[in-house]
Amino acid sequence: MYKTALEGRKGELADGDVERDDDLEVQIGNKLRRDAFLVFRALCKLSMKTPPKEAMADPQLMRGKIVALELLKILLENAGAVFRTSERFLGAIKQYLCLSLLKNSASSLIIVFQLSCSIFISLVSRFRAGLKAEIGVFFPMIVLRVLENVAQPNFQQKMIVLRFLDKLCVDSQILVDIFINYDCDVNSSNIFERMVNGLLKTAQGVPPSTATTLLPPQEATMKLEAMKCLVAILKSMGDWMNKQLRIPDPHSTKRFEAVENSPEPVNVPLANGNGDETVEGSDFHSETSSEASDALSIEQRRAYKLELQEGISLFNRKPKKGIEFLIRANKVGDSPEEIAAFLKNASGLNKMLIGDYLGEREDLSLKVMHAYVDSFDFQGMEFDDAIRAFLQGFRLPGEAQKIDRIMEKFAERYCKCNPKAFISADTAYVLAYSVILLNTDAHNPMVKNKMSADDFVRNNRGIDDGKDLPEEYLRSLFERISRNEIKMKEDDLSVQQKQSVNSSRILGLDSILNIVIRKRDEDQHMETSDNLIKHMQEQFKEKARKSESVYYAATDVVVLRFMVEVCWAPMLAAFSVPLDQSDDEIVIALCLEGFRYAIHVTAVMSMKTHRDAFVTSLAKFTSLHSPADIKQKNIDAI
């Protein structure tokens with residue numbers, strides 16, 4: 001590393017005279033930044049090195065990789081303001097570090113997984129304002145994937161993730177920010193919600209009659225750790241609320257008196273030394289000006305997202321009903337152009353059903369289909385590229401008449417964009433059919449006798465108004481299609497996942513999760529899979545394009561209401577069942593602490609119904625209605 005860095009410096013040292021006019025300080029500053037960038041990039045590259053096969057089991061051979069990851073971890077934990085806000089370093093994180101995380105988070109070596117998690121926690125706690133899209137993809141991939149596997153997790157991995165979540169709650173700003181930026185954003189997965197539900201399932205333990213790989217003591221440890229996380233989440237919400245509303249913390253009176261008396265709000269330094277975080281992040285959200293509009297927009301965005309999800313899942317059962325619902329709910333305009341734009345751009349619509357809807361004979365569907373096709377610009381595109389672009393967004397329906405209507409319109413549009421391509425639209429229409437048949441023939445494993453180039457040329461004799469298309473044109477078309485299948489964007493979903501339309505499916509994240517999980521089984525050395533990496537980088541771009549890049553730093557307490565709406569029921573279940581059934585002092589203490597925080601937050605936010613749910617449940621556990629049976633835990637409840 002040292003050698004390459006020095007070689008890079010030789011040229012610089014020679015032409016040092018050019019920069020004389022600059023202030024020496026600036027010069028040194030620039031050199032240092034450049035060196036820091038080079039060191040950072042070199043570490044990222046070292047951390048991605050794929051070791052030889054036999055190294056998988058032998059940490060000795062992995063030492064280089066591990067040291068690089070450890071250095072990256074230390075570097076990110078101590079990075080200063082320049083590193084956290086300058087485009088150059090954020091760019092390096094997106095380009096090199098995210099790639100390294102991607103490769104290493106699927107490693108079967110626990111130490112590598114653990115370091116990946118530590119690096120990720122630094123990104124979330126210190127860099128989240130500049131990495132919104134990346135964190136939105138990694139959180140489900142690294143954290144939720146392991147958390148949501150209840151029956152057969154890798155015990156060590158899961159414990160690492162649970163401790164990670166526990167750490168995340170230390171800085172009370174983080175959870176609220178996650179909720180605002182992901183759970184309230186139409187194009188992101190509901191990270192906070194999935195996290196709470198994953199913790200609840202883990203805390204409840206493996207459902208009876210499910211095969212599990214866990215030993216009983218392991219399961220007990222895990223349940224306890226998940227309970228701790230749930231309590232930490234509530235505590236974190238409470239701390240954030242106290243800070244925003246200046247409610248003194250009963251446990252540490254001194255610290256807050258100082259805050260109360262100082263003229264401007266001071267950020268109480270947090271345990272991991274990131275006290276100045278919130279101040280620094282604040283230049284990222286200049287767009288959220290007044291707090292009132294802030295709360296309102298969060299409220300609207302959250303409601304909008306929930307209603308949109310309802311419409312999308314309805315569309316995936318009955319397309320026509322879904323569209324009607326979304327128009328009624330003002331989520332989609334009622335003109336064919338607006339409906340077409342929605343079908344083209346919304347995440348989570350079932351592509352087979354989009355095709356079915358576009359192929360319908362009814363008046364509105366027809367108009368939508370025409371608008372959908374007309375929204376493409378095929379000018380200057382090769383014929384097969386135009387078909388590729390066109391068929392990325394939906395799967396052609398199975399019925400001939402439907403395919404017919406769609407392809408006829410496609411041919412007309414292609415000829416309109418490229419008037420010199422064919423004599424008439426009919427030619428394009430027949431050729432489009434030919435191309436689709438060829439695509440099926442070449443890439444469907446059920447077809448044993450494949451069509452040859454000669455067959456393809458022969459099949460297309462006389463289609464250009466009685467004349468033939470140039471033979472070399474047809475042959476090159478044949479070549480391109482045989483080499484490279486025309487397929488929809490998300491063909492890598494396995495069949496059983498198509499059927500379960502769960503929440504991650506609705507948010508289009510399962511294709512990411514799916515490749516990571518699926519590749520694990522086929523290939524222990526997933527770290528080398530280049531297609532995967534390419535696919536993921538596309539996903540990042542897609543996510544970044546779709547989601548608002550504005551990063552909101554939460555300031556308005558109203559957010560907590562929505563967070564409570566999401567998590568009160570899982571929390572109540574997680575705390576009251578063990579309180580009823582267990583006599584373990586630690587578990588009881590945790591449950592009661594959970595109750596205390598839950599009641600504090602709901603009471604201050606004046607959410608009466610939710611508060612009363614916790615209070616009545618707690619009252620039941622005092623056992624005062626039958627004093628004869630009172631045990632220690634009932635006295636604690638009192």
ask   = Quick one: does F562's side chain get under 4.5 Å of D183's, heavy atoms only?
value = no

Could you tell me which non-hydrogen atom of [X] sits nearest to which non-hydrogen atom of [Y], and how far apart they are?
X	Y	answer
P140	I191	CD-CD1, 4.3 Å
R194	S189	NH1-OG, 2.9 Å
M381	D377	SD-O, 3.9 Å
K351	Q392	NZ-O, 3.4 Å
K450	N444	NZ-O, 3.0 Å
C98	F138	O-CZ, 3.2 Å

[X] side chain to [Y] backbone, donor-acceptor under 3.5 Å:
X	Y	answer
N439	V435	no
T427	I423	no
K305	D185	yes
N197	E193	yes
N418	F378	yes

Do the two ring centres, one from [X] and one from [Y], sit under 6.0 Å apart?
X	Y	answer
Y372	F394	yes
Y414	F383	yes
F410	Y429	no

query = Near K331 NZ, under 6.0 Å, is it more than 12 heavy atoms from other residues, nucleotides or ligands?
reply = yes

inquiry  = Would N104 and S100 count as a side-chain hydrogen bond (donor to acceptor under 3.5 Å, both in side chains) here? Give the steps.
reply    = CA-CA 6 Å; N104 289 317; S100 164; 3.2 Å; yes

ask   = Who are the ring-ring contact (aromatic ring centres under 6.0 Å, His included) partners of F325, not counting sequence neighbours?
value = none

Partner residues of F89 under the ring-ring contact (aromatic ring centres under 6.0 Å, His included) criterion, sequence neighbours left out = F83

message = Would N484 and R388 count as a side chain to side chain contact (heavy atoms under 4.5 Å, CB included) here? Give the steps.
response = CA-CA 10 Å; N484 183 4; R388 259 177 231 289; 3.8 Å; yes

Return the [atom1] to [atom2] distance between [X] and [Y], rounded to the nearest 0.5 Å.
X	Y	atom1	atom2	result
L72	L76	CG	CG	6.0 Å
L349	K344	CG	NZ	14.0 Å
S482	L438	OG	CG	5.0 Å
F192	M563	CZ	CE	4.0 Å
M369	E362	CE	CD	13.0 Å
L101	I142	CG	CD1	5.0 Å

request  = Evaluate side-chain hydrogen bond (donor to acceptor under 3.5 Å, both in side chains) for E338 paired with S335, printing each intermediate quantity in order.
outcome  = CA-CA 5 Å; E338 289 166 295; S335 73; 2.7 Å; yes

task = Might you work through the side chain to side chain contact (heavy atoms under 4.5 Å, CB included) test for L175 and M195, ending with a clear yes or no?
result = CA-CA 10 Å; L175 286 181; M195 182 165 87; 3.3 Å; yes

request  = Please lay out, stage by stage, how N316 and S313 fare under the test side-chain hydrogen bond (donor to acceptor under 3.5 Å, both in side chains).
outcome  = CA-CA 5 Å; N316 288 340; S313 70; over 6 Å; no

